[in-house]
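Numbers here simply count residues along the sequence, with the first being 1. Keep in mind it's a predicted model, so treat the numbers as computed, not measured.
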Amino acid sequence: MSSTVARVSRVMRWSWPRGFPLVQFPNPPLAAALLASITAQVTRGGVHRALIALFYSALSVWAYEEARHGVNWFRRLLGLGFAVYVVLSLAGALRRT
């Protein structure tokens, strides 16, 4: 059992390249955003709207965490870029209503 936990832990810490991580294993907020986005593509109505709300919420949390606590300047800039994306997307959606 502990070898399985060790393998999962090692996979969750994966990043590339090691010295300056550009790509990392998705953390829980990013995984939730990705799953919500994928699931929203195949749903309609209230479920679709709830999944889109979950997508933007989880992506906002991930963007904040990356912008505030990213492991390097690239990851912090990536978080800031996605925070701007979320704000502009939501502002555009509000203008359309």
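Hydrophobic clustering of Ile, Leu, Val, Met, Phe, Trp and Tyr side chains at less than 4.5 Å, counting indirect connections, unites V86 with L78. No continuous path of hydrophobic side-chain contacts links L54 to F82 [ILVMFWY only; heavy atoms under 4.5 Å]. L90 and W62 fall within the same hydrophobic cluster, where Ile, Leu, Val, Met, Phe, Trp and Tyr residues are linked whenever their side-chain heavy atoms come under 4.5 Å apart, directly or through other members.
The number of heavy atoms from other shown groups lying within 6.0 Å of OH (Y56) is above 12.
Members clustered with Y64: none, using a 4.5 Å side-chain heavy-atom cutoff among hydrophobic residues. Other cluster members for L88: V84, joined by side-chain heavy-atom distances under 4.5 Å among Ile, Leu, Val, Met, Phe, Trp and Tyr.
Checking side-chain atoms of S89 against main-chain N and O of Y85 turns up a donor-acceptor pair under 3.5 Å.
Contact annotation: the side chain of F55 never approaches that of L51 to less than 4.5 Å [non-hydrogen atoms, C-beta and beyond].
Atoms OG and CD1, on S37 and I52 in that order, are 6.5 Å from each other to the nearest 0.5 Å.
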If you look only at distance, which donor and acceptor atoms sit under 3.5 Å apart when one is on a side chain in residues 13-30 and the other is two or more places apart or in another chain?
| residue | atom | partner | partner atom | Å |
| --- | --- | --- | --- | --- |
| R13 | NH1 | S9 | OG | 2.9 |
| Q24 | OE1 | R75 | NH2 | 3.2 |
| N27 | OD1 | L30 | N | 3.3 |

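The two atoms that bring A83 and A63 nearest to each other are N-CB, 3.7 Å, heavy atoms only.
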